[in-house]
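Here is the structure we will look at.
Heavy-atom basis, side chains included; hydrogens, waters and symmetry copies ignored. The shown structure was predicted, so the numbers you read here are calculated from the model rather than taken from an experiment.
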Amino acid sequence: MSNTELQTAPELDVEDYTLSKKLVAGVLYALEAQDRATLVELTEPLHPADIADLLEQINPYDRRRLVELYGEEFDGDILSELDEGLREEVMGILNPEVLAEAVRELESDDIVDLVEDLDEPAQEAILETLEDADRVAVEQALSYPENTAGRLMQRETVCAPEHWTVGQAIDYLRNAEELPEQFYHVILVDPRMKPIGNVTLGKLMSSRRDLPLTDLIEDVFQIIPVTQDEEDVAYAFNQYHLISAPVVDEDDRLVGVITIDDAMVVLDEEHEEDILRMAGVSDEASLSDTIVDAAKGRATWLFVNLLTAVLASGVINLFADTVDQMVALAVLMPIVASMGGNAGTQTMTVTVRALATKDLTAQNAWRVIRREVSVGALNGALFGLIMAGVAGVWFGVPMLALVIAVAMFLTQIAAALGGILIPMALERMNIDPALASGPFVTTVTDVVGFFLFLGLAAHVLL
């Protein structure tokens with residue numbers, strides 16, 4: 001592959017923003033040839049998030065070669081974008097001086113995100129590279145509980161006294177020696193450093209110099225306590241369409257600010273965590289996990305599912321004689337259980353999401369329960385009639401058609417009830433419904449479906 005070909009390689013697939021095959025091939029070629037100039041040329045136009053994706057996609061051997069060859073060009077933002085499972089590996093490969101420079105370029109919240117999951121010696125090694133003021137800020141953030149606003153916020157803020165005018169604020173911003181790399185508001189504070197409002201940069205730059213800043217305060221203003229759970233922080237940003245929000249300590253004094261990019265990362269992580277947990281997978285699972293770690297992370301809930309399957313099989317065993325006398329029951333009963341399981345999973349997914357977004361509360365719980373039961377009954381009646389027709393034509397036994405219709409109708413109702421009541425009960429017991437609902441809902445639908453179908457068959461057909 002010539003250098004000319006490498007230079008014309010597209011950086012990203014414009015349709016889905018994935019790294020192009022040609023780019024990846026060019027990078028691997030440069031690594032094989034130990035051609036640092038070509039590697040830098042190929043990766044220079046990329047966003048740090050794309051370089052992080054590249055590091056995650058290649059194998060560990062090539063990852064080491066890329067980091068070592070990249071050398072002093074390594075950007076600290078790449079570390080922030082990397083999967084948590086790979087950060088420590090990449091940081092261990094970097095030259096200590098390069099790592100120190102990369103970390104010093106980051107905002108305080110990004111540094112906290114990097115070091116909070118490291119062991120103490122690794123944390124200390126990173127902290128020693130920081131200037132005194134930055135180190136104090138990071139250590140203060142690390143003193144707050146995990147998954148709180150204090151860990152999420154950046155200490156760098158842009159604030160102004162409440163009595164200032166637009167002109168005074170603009171002059172301050174122009175003359176300030178250091179400002180955050182990105183900020184969206186000027187936070188107005190009273191003499192006690194208590195935030196009283198936000199002024200957007202757009203309004204600031206488009207207003208007369210003599211206008212008081214208090215005349216430009218935004219209508220929507222949320223103050224975040226430093227100990228607030230980051231999930232609630234992300235909810236506030238999403239609910240009130242915030243761009244940034246000040247963070248205050250127990251005395252209501254300004255100590256930092258949270259910006260929308262950090263809040264959206266939390267929302268994304270929460271969604272990913274819910275999806276993984278509902279599938280019975282560890283919320284820390286990633287494609288970079290070893291085979292053993294991946295297997296261990298999934299084994300727990302597979303074992304729980306095995307126990308619930310044994311319970312459902314026990315119900316079938318209670319009606320072994322009934323099944324022996326009519327083979328058609330063995331053919332049809334998986335259909336009842338499968339339809340119930342799917343219905344229960346649908347209701348459970350909607351319920352878990354509604355609980356996470358606070359759309360399902362104690363005030364509207366009964367209305368939602370009635371709605372889901374009605375949906376279950378309607379679908380149960382529809383598919384019960386369909387299966388009655390199929391069973392009647394298939395086996396030519398009218399009463400068998402009636403049995404499967406009634407069983408499917410009642411199973412769909414039970415699935416709807418289980419899909420909503422089980423997550424709500426787990427939430428009330430402070431157990432994550434995304435993690436624990438699946439096996440219990442599956443057990444309810446299987447046990448109820450088999451018991452209703454086989455029980456009705458035993459009484460009606462035999």
Task: R36 side chain reached by L69 side chain, heavy atoms, under 4.5 Å - done: yes
- [ ] Spell out, as yes or no, whether a donor-acceptor pair under 3.5 Å connects the side chain of Q123 to the backbone of V115.
- [x] yes
Open item on the list: Please evaluate residues V226 and M153 with respect to the criterion side chain to side chain contact (heavy atoms under 4.5 Å, CB included), reporting the C-alpha separation (whole Å), side-chain torsions for both, the decisive distance (0.1 Å), and the verdict.
Closed with: CA-CA 8 Å; V226 73; M153 71 179 182; 4.3 Å; yes
- [ ] Applying side chain to side chain contact (heavy atoms under 4.5 Å, CB included), run through T259 and I243 and close with a yes or a no.
- [x] CA-CA 6 Å; T259 53; I243 300 175; over 6 Å; no
Task: Residue pair L201 / F183, side-chain heavy-atom distance below 4.5 Å - done: yes
- [ ] Apply side chain to side chain contact (heavy atoms under 4.5 Å, CB included) to the pair V373 and L417, showing each step before the final yes or no.
- [x] CA-CA 6 Å; V373 170; L417 278 172; 3.5 Å; yes
Open item on the list: Which residues pass the salt bridge (charged side-chain N to carboxylate O under 4.0 Å, His left out) test with E181, not counting sequence neighbours?
Closed with: none
Open item on the list: Is the shortest side-chain heavy-atom distance between C159 and M193 below 4.5 Å?
Closed with: yes
- [ ] Ignoring hydrogens and angles, tell me if any N or O in the side chain of Q154 forms a donor-acceptor pair with the backbone of E156 under 3.5 Å.
- [x] yes
TODO: For the pair Q140 and R155, evaluate side chain to side chain contact (heavy atoms under 4.5 Å, CB included) and give the outcome as yes or no after the intermediate values.
DONE: CA-CA 10 Å; Q140 176 64 42; R155 302 282 296 196; 3.3 Å; yes
Task: Heavy atoms of other groups near R371 CZ, more than 12 under 6.0 Å - done: no
Open item on the list: Restricting to non-hydrogen atoms, name the atom on Q412 and the atom on G376 that form the minimum distance, rounded to 0.1 Å.
Closed with: CB-O, 3.3 Å
Task: From E44 atom CD to D75 atom CG, the distance as rounded to the nearest 0.5 Å - done: 11.5 Å
TODO: Apply salt bridge (charged side-chain N to carboxylate O under 4.0 Å, His left out) to E139 and list each qualifying residue two or more places apart in sequence or on a separate chain.
DONE: R135
TODO: Give a yes or no on whether a salt bridge exists between E116 and R151, defined as a side-chain N under 4.0 angstrom from a carboxylate O.
DONE: yes
- [ ] Evaluate the side-chain proximity of F237 to I258: yes if any heavy-atom separation is below 4.5 Å, no if none is.
- [x] yes
Open item on the list: Does D210 have more than 12 heavy atoms from other residues, nucleotides or ligands lying within 6.0 Å of its CG?
Closed with: yes
Open item on the list: Measuring only between side-chain heavy atoms, which start at C-beta, is I111 closer than 4.5 Å to L130?
Closed with: yes
Task: Distance in Å, L421 CG paired with L426 CG, rounded so as to fall on 0.5 Å steps - done: 11.0 Å
- [ ] Identify, with sequence neighbours excluded, every residue that meets side chain to side chain donor-acceptor pair (under 3.5 Å) alongside R209.
- [x] D171
Enumerate donor-acceptor pairs with a distance under 3.5 Å from any side-chain N or O in residues 86-100 to protein atoms, sequence neighbours excluded.
residue : atom : partner : partner atom : Å
R87     : NE   : L79     : O            : 3.1
R87     : NE   : L82     : O            : 3.3
R87     : NH1  : D113    : O            : 3.0
R87     : NH1  : D113    : OD2          : 3.2
R87     : NH2  : S80     : O            : 3.0
R87     : NH2  : D113    : OD2          : 2.9
E89     : OE2  : R63     : NE           : 3.0
E89     : OE2  : R63     : NH2          : 3.4
N95     : OD1  : E97     : N            : 2.8

Task: Taking every non-hydrogen atom, the tightest pair across L39 and T43 - done: O-OG1, 2.8 Å
Task: Non-hydrogen side-chain atoms of V247 and V257 separated by less than 4.5 Å - done: no
Task: Set of residues satisfying salt bridge (charged side-chain N to carboxylate O under 4.0 Å, His left out) with respect to D62, sequence neighbours excluded - done: R65
TODO: Decide yes or no for V158 and I187: does some side-chain heavy atom of the first lie under 4.5 Å from some side-chain heavy atom of the second?
DONE: no
- [ ] Would you check if the side chain of D215 reaches a backbone N or O of T165 as a donor-acceptor pair within less than 3.5 Å?
- [x] no
Task: Salt-bridge contact D232-K358 (side-chain N to carboxylate O under 4.0 Å) - done: yes
Open item on the list: Could you check whether any side-chain heavy atom of P246 comes within less than 4.5 Å of a side-chain heavy atom of Q222, counting everything from C-beta outward?
Closed with: no
Task: Shortest non-hydrogen contact between T445 and T411, atoms and distance - done: O-CG2, 4.2 Å
- [ ] Using a cut-off of 6.0 Å, state whether more than 12 heavy atoms not belonging to Y70 lie near its atom OH.
- [x] yes
Task: Taking every non-hydrogen atom, the tightest pair across I223 and P225 - done: O-CD, 3.6 Å
TODO: Ignoring hydrogens and angles, tell me if any N or O in the side chain of T38 forms a donor-acceptor pair with the backbone of D35 under 3.5 Å.
DONE: no
Task: Nearest atoms (heavy-atom pairs only) where A169 meets L213 - done: CB-CD1, 4.0 Å
- [ ] Quick one: closest heavy-atom pair of S437 and V352, and the distance?
- [x] OG-CG2, 4.3 Å
Task: From NE2 (H185) to CG (L242), nearest 0.5 Å - done: 8.5 Å
Task: salt bridge (charged side-chain N to carboxylate O under 4.0 Å, His left out) partners of residues 415-428, not counting sequence neighbours, each pair once - done: none
TODO: Drop me the distance from L307's CG to T443's OG1, to the nearest 0.5 angstrom.
DONE: 9.0 Å
Task: Gap separating the CG atom of L360 from the OG1 atom of T351, nearest 0.5 angstrom - done: 6.5 Å
Open item on the list: Whether D190 and K194 form a salt bridge (side-chain N of Lys/Arg under 4.0 Å from carboxylate O of Asp/Glu) is what I want to check.
Closed with: no
Open item on the list: Tell me whether D229 contacts the main-chain N or O of E231 through its side chain, where contact means a donor paired with an acceptor under 3.5 Å.
Closed with: yes
Task: Distance in Å, I224 CD1 paired with T148 OG1, rounded so as to fall on 0.5 Å steps - done: 12.0 Å
